[in-house]
Amino acid sequence: MPEKFMKPYDPAATESRIYAAWEESGLFNPDECVKQGITPPDAPSYSIVLPPPNVTGRLHMGHALMLAVEDIFIRYKRMQGFRTLWVPGTDHAAIATQSVVEKQIKKDENKNRHDLGREELLKRIGTFAAESHDMIVSQLKTMGASLDWSREAFTLDETRTHAVRKIFKDMYDAGLIYRGHRIVNWDPKGQTTISDDEIVYQEEKTTFYYLKYGPFTIGTARPETKFGDKYVVMHPADARYEEWKDGQKIELEWINGPIEATIVKDESIDMEFGTGVMTITPWHSMVDFDVAERHGLDKEQIIDERGKLLSIAGEFAGMKITEARARIIEKLRKKGLLVSEESYTHNIATAERTSGIIEPQIKLQWFVEVNKKISGRNKTLKELMLEPVRSRAIKIVPEHFEKTYFHWIENLRDWCISRQIWYGHRIPVWYRGEEISVGIEPKEAGWTQDEDTLDTWFSSGLWTFSTLGWPEQTDDLKRYHPTDLLETGYDILFFWIARMILMTEFALNTIPFKTVYLHGLVRDAQGRKMSKSLGNNLDPLDIAAKFGADAARMALVVGNTPGTDMRMSEDKIKGYKHFANKLWNIARFVLTNASEEKNGSKTWPSGPERDHFSPREHELLTELDTLAKEMTDDIENHRVYLAAEKIYHYVWHTLADKIIEESKPLLAGTDSVKKESRQTLLLRLLDQSLRLLHPFMPFVTEEIWQSMPTKDAPFLMVARWPKPAKGLLQ
RNA sequence: GCGCUCCUAGCUCAGUUGGUUAGAGCGUUCGCCUCACACGCGAAAGGUCACAAGUUCGAAUCUUGUGGAGCGCACCA
């Protein structure tokens, strides 16, 4: 009996030692498993790429959940003898990382990015990203993630940069990437464009004004944009405005004097809303922009990139829109143009990272066109995104997210991929006068590179194949792609999953993964989101130190169905710490009672032939066999929450409460045949239980198994998963 | 407005294709330091499965409707 079993189980003292031993063995690397004869060279492969955590700081419980689920699948498949690869990596997360560092510099030194300059800022971000990276790696290891560190990738490293440039050029050559003046979401605070998905809508109470516009009354919540409005739009079928004809001119008195306006009839107008008449500001509204495009109308900029009014505003020029609003209303009132006002609640668009209020602007940007047929394939990118999910070549778990996915794709507009920030992949386009070079930097002098960087999702969209060495036709790419499972939170279904499908279908003409497993949010005990401001975050490192990573993993997994948010509390995790200790005590009992001390050395029962097991013992073996079969089935069908619960229940309430209790008289008895048979049985049941529990609680099971006489591999991690088809009696 | 999800024990949630007395964890009550474990053991209380109608031999599970909660997308002139 090893000394360690005499004390309660101590995860803190065990886990880091075990991880180091695994890492030392090299067996996280599937090639090493083949080399050491553990995996047959022709074994089928199983692969997952780790959704790369952002290098913006530390991991949170959501990451811990992701790691637990992925590691369960990886360990299960590895134990089944698959050539199993789990690729680690981190994401530079462009805008998120830059804004964290910028905020810090603003706070510490009261400087902005222009004070520092591009080079210096990038240096600072690089340092910060490296520190975050190291912290993240240590957290990944603490959670027990059996990642192949020899293949670690970063979205901004050399190989990935090569992939980004290659695909940018290929998409440009295919006519899918274009540069154009289009209306985009402009974040005046972050001084950059952002994509539709980076917008967070916030409810705002404001005033809705009715203004006299010639013979009409128009409604608006944004009088500060109205200076240049010279088109008045109504629905062609609106009987109230029948007398007005499309294209008709009218003269009217407006904010800064008399103007001429044109009547426009457009079906996009909601007759029920307000008065059914509106004026349009194409430069600062998506909808208005569309109307203007349809009718070929003029577009004028009213607000600058800092959120100040331009000279068109006359006396209000130079004012911030917020302060200008009240004054404009005052002027309208004096001029008798204010008809009425009412209170109004609407959603305003804000930037996710900076919480700046989005001001739509027309800007020259780079876009990916999603509705254009790709030459040679006769399909649009949108269709390429829809098809594999429709045909179930890609299966989404839980299934109902397919509908959400379709809904989103159908509403998808061209993807703006250029950002006016400095951290990230610089757009691989060079200009010299009217000339342009895409993808390849010209060697001659006189060329300058585009100042902008790419949306961070452009590079993470390549993740399943860029991590495997694409565009080189590597062995890894051939062997491990498409990957088997992509596991992530449902909140990035659109951001990331859709874009990976887009990129992979375009670049490789195949799917990036076969199954998408979406986990829910980890909330606090009261059901609130965990956040810095609430101070209700649970740090995986603290939790692991206090209760053990095994306990945290179980608490995150048991009963947690995919796609559903869960509540997490220290009490819950504590319960599974107790479970680890329970298992420890079971092991102590079995190891003590299943061996005989002779001359100071321990002997194990040689094991009876199967015929010596009593009918009851056959029954107990069959019971565990059934459990193994059910668990295998559950995991194959992505029900890890059920498999985890079953093994927990078996170990505590069957193995400990029933089998050990009923074994005590036999072990203390004088019938040596019965005793030895029972000793063999207990060792076998414990051994199999450890195997079944290992994917869920890798540390404590490994630690115990190392002391088992049934040990038949260097590590439990690479021992064989019970094969219920053959039966445990074999 | 379009779409999705949820409503099961005091709390948090399971319940896979409809099938015997509806489960778990935590909590509560009672009794136990029984030589594996007090990070434990034994026992107990606790549910008209939101509501209504329907399909069925049979519904927590399928259909429709009502009510409540949450989420996503779009729009907001």
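Every chain is numbered from 1, with letters handed out A, B, ... down the list of sequences. These values consider heavy atoms only, across backbone and side chains, with no hydrogens, waters or symmetry-generated copies.
Side-chain proximity of Ile660(A) to the nucleotides A36(B), A77(B), G25(B) is greatest for A36(B). For Pro8(A), taking side-chain heavy atoms from C-beta onward, the closest of the listed nucleotides C39(B), A77(B), C75(B) is C39(B). With A36(B), C4(B), A14(B) as the choices, the nucleotide that has an atom nearest any side-chain atom of Asn585(A) turns out to be A36(B). The side chain of Ala656(A) has A36(B) as its nearest neighbour among A77(B), C2(B), A36(B). With C73(B), A36(B), C75(B) as the choices, the nucleotide that has an atom nearest any side-chain atom of Val287(A) turns out to be C75(B). Candidate nucleotides A14(B), G3(B), C76(B) were compared by shortest atom distance to the side chain of His407(A), and G3(B) ranks first. Distances from the side chain of His400(A) to the nucleotides C37(B), U5(B), U16(B) place U5(B) closest. Considering only the side chain of Tyr201(A), C76(B) comes nearest among A77(B), C76(B), U16(B). Taking every side-chain heavy atom of Asp657(A) into account, G42(B) is the closest of G72(B), G40(B), G42(B). With C41(B), G25(B), C37(B) as the choices, the nucleotide that has an atom nearest any side-chain atom of His653(A) turns out to be G25(B).
Across all strands shown, G67(B) pairs with C7(B); the Watson-Crick or G-U wobble distances both stay below 3.5 Å. Within the shown strands, nothing qualifies as a pairing partner of A22(B) under the Watson-Crick or G-U definition with both distances less than 3.5 Å. Across all strands shown, A74(B) remains unpaired; no Watson-Crick or G-U wobble contact has both distances below 3.5 Å. The partner of U56(B) cannot be assigned: no Watson-Crick or G-U wobble pair with both contacts below 3.5 Å exists in any strand. Nucleotide C39(B) is matched to nothing when pairs are restricted to Watson-Crick or G-U wobble geometry with both distances under 3.5 angstrom.
In terms of phosphate contacts, Tyr405(A) brings no side-chain nitrogen or oxygen within less than 4.0 Å of OP1 or OP2 of C73(B). OP1 or OP2 of G15(B) lies within a sub-4.0 Å distance of a side-chain N or O belonging to Tyr641(A). Dashed line: the shortest gap from a side-chain N or O of Thr561(A) to OP1 or OP2 of A14(B) is under 4.0 Å. Residue His235(A) places none of its side-chain N or O atoms closer than 4.0 Å to OP1 or OP2 of A77(B). Trp584(A) has no side-chain polar atom (N or O) that falls below the 4.0 Å cut-off from OP1 or OP2 of G40(B). Contact between the side-chain N/O atoms of His578(A) and the OP1/OP2 oxygens of G40(B) is found at a separation under 4.0 Å.
Residue Gly559(A) is classed as a sugar-phosphate contact, given heavy-atom separations below 4.0 Å to backbone atoms only. Note on Ile218(A): nothing from the nucleic acid sits closer than 4.0 angstrom, heavy atoms only. Within 4.0 Å (heavy atoms only), Tyr490(A) reaches no atom of the nucleic acid at all. Using a 4.0 Å heavy-atom cutoff across all strands shown, Lys403(A) reaches sugar-phosphate atoms only and no base atom. Thr279(A) comes within contact range of the sugar-phosphate backbone alone, with a heavy-atom separation under 4.0 Å but no base atom that close.
Taking 3.5 Å as the limit, the base of A36(B) and the side chain of Glu661(A) contain a donor-acceptor pair of atoms between them. Between the base of A36(B) and the side chain of Lys664(A) there is a donor-acceptor pair shorter than 3.5 Å. A donor and an acceptor atom sit less than 3.5 Å apart, one in the side chain of Lys582(A) and one in the base of C37(B).
Taking atom CZ of residue Phe401(A) and atom C1' of nucleotide C6(B), one finds them 12 Å apart after rounding to whole Å. Put simply, OH on Tyr576(A) is 8 Å from C1' on A24(B), counting in whole angstrom units. Rounded to an integer number of Å, the gap from Asp634(A) CG to A14(B) C1' is 12 Å. In this structure, Asn560(A) places its CG atom 8 Å from P of A14(B), rounding to the nearest Å. Distance Met566(A) CE to G25(B) P: 16 Å, rounded to the nearest Å. Between Ile199(A) atom CD1 and C73(B) atom P there is a gap of 10 Å when expressed in whole angstrom units. A straight line from CZ of Arg567(A) to C1' of G27(B) spans 15 Å, rounded to a whole angstrom. Residue Met554(A) contributes atom CE, which lies 15 Å from atom C1' of C39(B) at whole-angstrom precision.
Between the side chains of Lys664(A) and Asn593(A), no donor-acceptor pair is found at a separation under 3.5 Å.
A74(B) and A69(B) have their C1' atoms separated by 22 Å, given to the nearest Å. Distance noted for atom C1' between C51(B) and A59(B): 16 Å (whole Å). If you take atom P in G65(B) and the same atom in U5(B), they sit 14 Å apart, rounded to whole Å. Of the C1' atoms belonging to G31(B) and A50(B), the separation is 38 Å, rounded to the nearest Å. With C1' as the reference atom, C62(B) and U56(B) are 10 Å apart, rounded to whole Å. Nucleotides U66(B) and G72(B) are separated by 24 Å at their C1' atoms, to the nearest Å. Atom name P, nucleotides C49(B) and A60(B): the rounded distance is 7 Å, in whole Å. The P atoms of G25(B) and U63(B) are separated by 32 Å, rounded to the nearest whole Å.
A salt bridge links Glu410(A) with Arg390(A): the closest approach of a Lys/Arg side-chain nitrogen to an acidic carboxylate oxygen falls below 4.0 angstrom. With salt bridges taken as basic N to acidic carboxylate O contacts below 4.0 Å, none links Glu267(A) and Arg294(A).
Annotation: of the two residues near RNA chain B, Ala349(A) and Val558(A), the 5′-most nearest-nucleotide partner is Val558(A). Residue order along RNA chain B, read from the 5' end via each residue's closest nucleotide, puts Ile586(A) first among Tyr9(A) and Ile586(A).
In this structure a side-chain-to-backbone donor-acceptor pair under 3.5 Å is present from Arg553(A) to Pro695(A). In this structure, the side chain of Thr654(A) does not engage the main chain of Val651(A) through any donor-acceptor pair within 3.5 Å.
Between His235(A) and Tyr241(A), the ring centre distance reaches or exceeds 6.0 Å. Residues Phe227(A) and Phe316(A) bring their aromatic ring centres within 6.0 Å.
By the neighbour-count criterion of 12 heavy atoms within 6.0 Å, atom NZ of Lys331(A) is densely surrounded, having more than that number from other residues, nucleotides or ligands.
Side chains of Met568(A) and Leu556(A) form a contact here, defined as non-hydrogen atoms less than 4.5 Å apart.
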